[in-house]
Amino acid sequence: HTCGIDAADRLHCWGSDTHGESTPPGGLTTWRSVSASKGGCHTCGIDLAGSLQCWGCNTHGQTGPLPGVTGGWIAVSAGKYF
């Protein structure tokens with residue numbers, strides 16, 4: 001699967017969605033960054049408020065629980081398992 005953010009900060013994902021990896025969480029409309037896992041089945045993104053969100057399969061803890069940080073997130077990278 002692949003994801004991208006358009007000029008209006010809207011997230012778009014396409015391709016395999018077997019585990020929900022191409023279906024971003026509902027209610028979030030604007031994003032700062034996104035990372036799709038190569039060969040994996042999860043995706044992580046940072047919304048404009050700095051909150052980290054991950055979705056898709058969670059067989060190895062890829063989508064949570066997520067670590068808490070002070071001040072919000074600025075970058076994310078998704079690997080195959082975590």
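To the nearest 0.5 angstrom, Cys3 atom SG is 5.5 Å from Leu11 atom CG. One finds the CD atom of Gln53 at 9.5 Å from the SG atom of Cys44 (value rounded to the nearest 0.5 Å). The CD atom of Gln62 lies 9.0 Å from the SG atom of Cys54; values are rounded to the nearest 0.5 Å.
With Ser35 contributing its side chain and Ala78 its backbone, the two residues share a donor-acceptor pair below 3.5 Å.
Closest of all the heavy-atom pairs between Arg32 and Ala49 is NH2-C, 4.4 Å. Of all heavy-atom pairs between Ser22 and Gly15, the closest is OG-O, 3.9 Å. For Cys41 against His19, the heavy-atom pair with the smallest separation is CB-CD2, 3.4 Å.
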Task: Derivation of the side-chain contact (heavy atoms from CB on, under 4.5 Å) call for Ser51 and Ile46 - done: CA-CA 5 Å; Ser51 295; Ile46 300 171; over 6 Å; no
Open item on the list: Could you walk me through whether His12 and Asp6 satisfy the side chain to side chain donor-acceptor pair (under 3.5 Å) test, starting with their C-alpha distance in whole Å, then the side-chain angles of each, then the deciding distance to 0.1 Å, before giving a yes or no?
Closed with: CA-CA 8 Å; His12 304 274; Asp6 67 20; 2.9 Å; yes
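Connection of Leu52 to Val69 is established within a shared hydrophobic cluster, with ILVMFWY side chains joined at heavy-atom distances below 4.5 Å, either directly or through further cluster members. In the hydrophobic clustering of ILVMFWY residues, with side-chain heavy atoms under 4.5 Å counting as a link, Val76 and Trp73 come out together.
By the ring-ring contact (aromatic ring centres under 6.0 Å, His included) test, Trp55 pairs with Trp31, sequence neighbours left out.
Clustering of Ile, Leu, Val, Met, Phe, Trp and Tyr side chains at separations under 4.5 Å leaves Trp14 isolated, with no partner residue.
At a cut-off of 3.5 Å, with distance as the only test, no side-chain donor of Asp9 or Thr30 sits close to an acceptor on the other residue.
Counting non-hydrogen atoms of neighbouring residues, nucleotides and ligands closer than 6.0 angstrom, the CD1 atom of Ile74 reaches no more than 12 such neighbours.
Under the side chain to side chain donor-acceptor pair (under 3.5 Å) test applied with His1, the options Thr43, Thr23, Asp17 reduce to a single match, Thr43.
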